[in-house]
Chemist: 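I'd like to ask some things about the structure below.
From a predicted model like this one, the values you see are computed outputs, not experimental measurements. Letters go in sequence order (proteins before strands), and every chain restarts at 1. All values below come from the heavy atoms of this structure, side chains included, with hydrogens, waters and symmetry mates left out.
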Amino acid sequence: MDRPLDRRKFLKVSGMSLGVGALISFAPALAAGGTPVARVRNWFRRQNGEEVSPFNLVQLSDAHVGFQGPSNPTGTKAFERAIEVINGLNPQPELILFTGDLTHESETPGEHEKRMQLFKDITGRLKSKKVMYVPGEHDAALDGGALYRQFFGETHYSFDHRGVHFIALDNVSSGKPAVGAAQIEWLKRDIARYPHTAPIVVFTHRPLFDLRPDWEWFTRDGDEVLNVLSPHENVTVLYGHIHRHDVHETEHATHYASRSLIFAFPDPTTVSDKKPVAFDKEKPFKNLGLQLLAERSGPNQRPALGVDDVELTLREYAGTDGVQQISRPGASL
Amino acid sequence: MKRSITIALSLLIIGITAAIRLKAQESQPQVVSISAKRFEFTPNQITLKRGEPVTLRVSAQDRDHGFYQKDLEIELDLTPDHPSEVTITPEKAGRFVAICDHFCGSGHGNMKMVINVE
């Protein structure tokens, strides 16, 4: 899939992806210079000493640690393999974003705590130590996020990294698919500090637009959130929840969904019922993760964003030695 | 004679009052009661008539739930202490799936019902 890129968009991509999520390179447009770009760069330098400069990040989503079911009897294997693959990257990603459903809920006393601890133990193997999280409904909806906060801290927050402003939004812990008035007010105050040209990455669990409401793929007040963000020109939204790759443009933002690390959901435009894609023991991670995003020449030599899949397999199922990455043109890994 | 007129007037007043009450009842939307508990709605299917107003009165039996159908503009938050209701007039025929959109546990994804409009 090739998509024309607006020159002002800063999310371009260097080769990337792992079949385990998305590895995204930021900032070449801003780092390249130009008058408005220079203003933003200088602004960030004045504000926090960080200048816009290229870097890589990985987005992971929906590990559902603790899930047991026929749609993936291998438990945490895909998740653990993803950690190994990320640790093999050179250079290492500076930042890892996990967009919710780290764990699968349990109402057995003490069990959800064990699952959260197991998740932390697995992510603790990452060489890259800057890992940021938002909750999914399976982590935080049954107790209002109380247990999640014990393990991972606040459910919404923001920070800057190399001149990019990152905003973690919680659209799950109220129990319903909503950000809520208080968080939207916080968001208004948070981004009011930034110029409209500043690069902004929002990461959250559910889509902020109506992707498939009867599958619960929406956020009730997502329109309000996007309205708050609308004055800003460089907004990218990273999310999970739908267990499949998706790219969607709204008026002022581009939305990327990461695949899951446990099971996939089908294309919602082709089926009426929301049921996980059946497990294939020959290809246990078929449809999981692996998307490649790469900048390449599109029609008329215009810059375009290419998205390719990379297939991840496991030796014990496919006879391959560890992870097999099938790189296609445009990949730099 | 005077007595007959009084009786006739009384009957007329009673008749008019009854007619007004009947008319008022006819203009009241039909009420459909729905029960919500983990992880089902009861009934799990209803049929409505296009262009006719209906009030959906939804009661949560056990804990908080949601009742959501985007196309029919249904968006209810349910709590066990009192029923929630919404009055709609479906304008388009079809099959609409309403869901619980308040995460309520491991079977939450299957908590839905069908609203047919014909």
Side-chain angles (χ1 to χ4, degrees), chain A residues 62 64 66-69 71 100-101 103-108 111-112 115 135-145 148 170-178 180 205-207 209-223 241-243 263 265 268 271-276, chain B residues 34 36-41 44-46 48 56 58-86 88 90-117:
Chain A
D62 297 84
H64 286 262
F67 172 84
Q68 294 176 317
S71 50
D101 284 355
T103 61
H104 205 70
E105 78 283 352
S106 172
E107 294 182 61
T108 302
E111 179 59 25
H112 204 180
R115 295 177 181 188
E137 77 277 15
H138 291 274
D139 301 307
L142 290 180
D143 67 353
Y148 174 93
D170 168 9
N171 55 7
V172 300
S173 68
S174 69
K176 56 187 174 183
H205 182 60
R206 298 174 183 271
F209 60 95
D210 286 344
L211 178 51
R212 178 86 195 241
D214 62 334
W215 286 15
E216 220 178 313
W217 289 3
F218 73 108
T219 298
R220 282 192 184 187
D221 50 6
D223 285 350
H241 187 60
I242 68 169
H243 291 215
F263 59 77
F265 281 121
V271 295
S272 58
D273 291 334
K274 180 188 173 189
K275 293 178 181 173
Chain B
I34 299 166
K37 68 175 184 180
R38 299 203 315 173
F39 300 103
E40 61 185 11
F41 292 106
N44 63 6
Q45 186 159 231
I46 59 175
L48 308 179
L56 303 177
V58 193
S59 304
Q61 303 298 313
D62 49 3
R63 51 153 293 143
D64 289 358
H65 292 286
F67 189 61
Y68 186 86
Q69 215 303 316
K70 175 86 177 177
D71 295 331
L72 297 177
E73 300 182 345
I74 298 169
E75 182 178 313
L76 292 179
D77 297 323
L78 314 177
T79 55
D81 49 346
H82 61 84
S84 299
E85 63 180 43
V86 60
I88 60 171
E91 300 296 347
K92 194 170 74 172
R95 179 181 184 274
F96 302 90
V97 177
I99 61 170
C100 170
D101 69 343
H102 287 214
F103 187 79
C104 57
S106 293
H108 165 76
N110 295 321
M111 188 166 172
K112 53 195 172 186
M113 66 172 288
V114 174
I115 301 174
N116 292 306
V117 179

Chemist: Does any backbone or side-chain atom of Glu107(A) lie under 4.5 Å from a heavy atom of chain B? Answer side chain, backbone, both or neither.
Modeler: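 Only the side chain of Glu107(A) comes within 4.5 Å of chain B.
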Chemist: Does the ring of Phe265(A) carry Lys274(A) above it, NZ/CZ under 6.0 angstrom from centre and within 45° of its axis?
Modeler: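 Yes, Lys274(A) and Phe265(A) form such a contact.
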Chemist: Can you tell me which of His138(A), Glu105(A), His104(A), Arg220(A) forms the most heavy-atom pairs within a distance under 4.5 Å of chain B?
Modeler: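 The option with the most such pairs is Arg220(A).
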Chemist: Counting only heavy atoms from other residues, nucleotides and ligands, does the tally under 6.0 Å from CD of Gln68(A) exceed 12?
Modeler: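 No, CD of Gln68(A) has 12 or fewer neighbouring heavy atoms, counting only those of other groups under 6.0 Å.
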Chemist: Select one option (side chain, backbone, both, neither) describing which atoms of Tyr68(B) are under 4.5 Å from chain A's heavy atoms.
Modeler: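 The side chain, not the backbone.
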Chemist: So, Ser84(B) side chain and Asp77(B) main chain: donor-acceptor pair closer than 3.5 Å or not?
Modeler: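 Flag set: sc Ser84(B) to bb Asp77(B) pair under 3.5 Å.
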Chemist: If we ignore hydrogens and angles and just use 3.5 Å, is the side chain of Asp101(A) paired with the main-chain N or O of Thr103(A) as donor and acceptor?
Modeler: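 Side chain of Asp101(A) to backbone of Thr103(A), a donor-acceptor pair under 3.5 Å: no, none is there.
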Chemist: Taking 4.0 angstrom as the limit, do Asp214(A) and Lys70(B) come out as a salt bridge?
Modeler: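 No, Asp214(A) and Lys70(B) are not salt-bridged.
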Chemist: For the interface with chain A, which of Ala98(B), Gly66(B), Gly105(B) has the highest count of heavy-atom pairs at distances below 4.5 Å?
Modeler: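 With the most close heavy-atom pairs to chain A, the winner is Gly105(B).
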Chemist: Side chain from CB out, backbone as N, CA, C, O: work out which of these in His108(B) comes under 4.5 Å of a heavy atom of chain A, or both, or neither.
Modeler: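 For His108(B), the contact with chain A is made by the side chain alone.
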